[in-house]
Amino acid sequence: MLIILLMLSAVGLRGHAWSRPPATYVTLKGGEGVSRVALAKAVEPLFDARKVGTTQALLVMQGGKLIVERYGEGIGPETKLLSRGIGKTVTAALVGLMVSDGRLALDTPVPVEAWSQPGDPRGTITLRNLLQMTSGLEHRKEAGRPQESDTVRMLYTDGAQDMAAFAEAKPIADPPGSHFLYSTGDTLIIADLMTRMLTDSKRPDARRDAMMEFVRGRLMAPVGLDSLTPEFDARGTMIGGAMMHMTARDYARFGEFLRHRGRVNGHQVLSARWVGFMTTPSPRNPAYGGQLWLNREGRDNPLFPGRGSKRIFAAVGQQGQYLLVAPGQGLVVLRLGLTHGEDRTEALRDALARLVELFPSA
């Protein structure tokens with residue numbers, strides 16, 4: 001366990017390397033139907049380290065206006081912070097752009113060389129399966145020895161040189177489309193697929209450049225995500241399932257982009273229909289859409305079903321990263337930090353639910 005914690009801590013520190021943050025500060029304004037006093041009372045528990053762990057950044061936007069902005073020690077508006085699983089949702093938005101371009105199709109089997117032998121059941125896995133975490137590929141989660149989990153192996157040890165190949169080499173555990181199993185490996189396969197749609201080159205630098213040109217031109221520039229910085233593995237595959245970096249304000253801006261169903265400044269950057277797909281319950285887990293969690297009863301849900309609207313959706317990352325969107329309340333809530341243990345995780349979810357519940361529906 002110590003080995004894993006050290007690795008995760010090192011990754012977390014990497015997110016601070018690009019900036020010299022100013023002193024911690026607080027911006028707190030009353031919102032529509034919510035007093036400043038009530039808001040302060042709901043925000044304070046999210047910075048109680050004993051109960052919820054370390055909160056690095058908390059932003060709340062209502063109707064597109066920033067009403068809460070507070071940072072942890074040594075972090076500020078220019079600090080780039082690690083996405084962890086929130087990166088999956090950014091990757092899904094990029095996929096939607098490629099689907100609109102006609103480069104990719106949801107229900108066509110994904111072309112992977114390792115799956116191309118006649119009779120290989122992996123050859124029937126579709127992009128929809130990968131986005132909804134129903135690929136059927138074997139994925140070993142943390143057990144007694146976390147360092148043996150497939151996610152850790154893929155990101156940090158024997159799979160790190162070619163993460164997509166590590167994920168693609170997994171055997172079938174269930175028929176594609178039949179079972180939900182949350183797997184960062186599925187998202188890495190998607191990232192490799194996107195790269196291959198952009199370039200035939202196998203050179204890592206060419207693969208990185210092709211993907212970054214697409215990311216900059218189609219997402220960063222139109223949406224205003226100037227700080228977005230994806231990481232790449234040694235083969236030049238974007239680590240879209242876990243390792244992207246942005247400032248807190250840009251994460252919140254991305255949340256606003258999804259709240260407006262892909263529309264920015266009057267321009268439809270991402271198809272509203274695609275955002276609808278991402279936020280629609282999938283057949284094998286009503287709590288999961290397309291690389292997004294939904295506030296509904298379902299398997300492994302990190303949100304708070306039964307509290308708040310079923311329309312709430314969120315990009316969620318390991319150790320308490322939340323980009324929550326509540327369309328009916330015009331709300332985007334970002335919490336980035338480090339939360340360990342079941343008790344603190346439950347306390348964090350409760351505090352986030354209480355914060356969201358403050359705001360009236362439109």
Side-chain angles (χ1 to χ4, degrees), residues 7 10-19 79-104 110-114 127 130-131 150-169 183-247 250-251 253-254 257 269-270 291 315 317:
M7 286 192 293
V11 171
L13 289 173
R14 242 188 299 178
H16 297 179
W18 287 281
S19 62
T79 309
K80 293 186 183 183
L81 296 165
L82 182 64
S83 68
R84 292 180 172 83
I86 292 175
K88 292 178 174 66
T89 308
V90 178
T91 298
L94 294 168
V95 173
L97 294 168
M98 286 197 177
V99 169
S100 292
D101 290 348
R103 300 175 194 257
L104 296 174
V110 174
V112 173
E113 186 175 353
L127 181 59
L130 293 169
L131 288 164
D150 282 337
T151 298
V152 169
R153 290 178 60 200
M154 180 178 68
L155 295 179
Y156 304 110
T157 61
D158 54 308
Q161 293 298 302
D162 189 343
M163 298 181 188
F166 179 89
E168 291 162 358
S183 169
T184 299
D186 282 6
T187 313
L188 261 296
I189 295 170
I190 293 170
D192 175 55
L193 172 65
M194 288 195 296
T195 306
R196 290 188 284 111
M197 295 299 106
L198 295 169
T199 178
D200 292 331
S201 177
K202 294 185 178 181
R203 290 179 18 239
D205 58 339
R207 286 166 57 84
R208 284 193 300 269
D209 291 347
M211 179 56 77
M212 281 309 304
E213 182 179 358
F214 184 79
V215 173
R216 289 192 190 101
R218 299 297 298 279
L219 188 66
M220 291 175 66
V223 182
L225 306 178
D226 296 340
S227 68
L228 174 58
T229 308
E231 291 194 40
F232 292 80
D233 70 7
R235 185 171 170 249
T237 302
M238 184 177 73
I239 312 173
M243 293 185 181
M244 296 186 178
H245 306 260
M246 277 193 277
T247 64
D250 277 356
Y251 281 113
R253 188 172 286 114
F254 181 66
F257 172 61
V269 175
L270 177 64
Q291 306 280 289

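All values below were derived from every heavy atom in this structure, side-chain atoms included, with hydrogens, water molecules and symmetry-related copies excluded.
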Residue pair Met238 / Leu94, side-chain heavy-atom distance below 4.5 Å: yes

Main-chain N/O of Ala242 paired to Ser83 side chain as donor or acceptor, under 3.5 Å: yes

N/O donor-acceptor pair under 3.5 Å between Thr199 side chain and Thr195 backbone: no

Derivation of the side-chain contact (heavy atoms from CB on, under 4.5 Å) call for Phe254 and Thr89: CA-CA 10 Å; Phe254 181 66; Thr89 308; 3.9 Å; yes

Would you mind reporting whether Leu188 and Phe166 have side-chain heavy atoms less than 4.5 Å apart? no

Is the side chain of Arg196 donor-acceptor paired with the backbone N or O of Pro111 at a distance under 3.5 Å, no angle test? yes

Would you say Asp200 has more than 12 foreign heavy atoms packed within less than 6.0 Å of its CG? no

Decide yes or no for Leu127 and Val99: does some side-chain heavy atom of the first lie under 4.5 Å from some side-chain heavy atom of the second? yes

Could you go through Met212 and Phe232, starting from their C-alpha distance and side-chain angles, then the distance that decides it, and tell me whether this counts as side-chain contact (heavy atoms from CB on, under 4.5 Å)? CA-CA 10 Å; Met212 281 309 304; Phe232 292 80; 3.7 Å; yes

Side chains of Thr91 and Met194: does their closest heavy-atom pair fall under 4.5 Å? yes

Side-chain heavy-atom pair Gln291, Val95 within 4.5 angstrom cut-off: no

Tell me if a side-chain donor or acceptor on Asp233 pairs with a main-chain N or O of Met163 at a distance below 3.5 Å. yes

Counting N and O atoms only, with roles assigned by atom type, does the side chain of Thr247 sit under 3.5 Å from a partner on the main chain of Asp250, one being a donor and the other an acceptor? yes

Just wondering, do Asp101 and Arg218 contact through their side chains at under 4.5 Å, heavy atoms? yes

Expected output: side-chain Tyr251 to main-chain Leu81 donor-acceptor under 3.5 Å: yes

If we only count heavy atoms from C-beta on, is the Ser183 to Thr151 side-chain gap below 4.5 Å? no

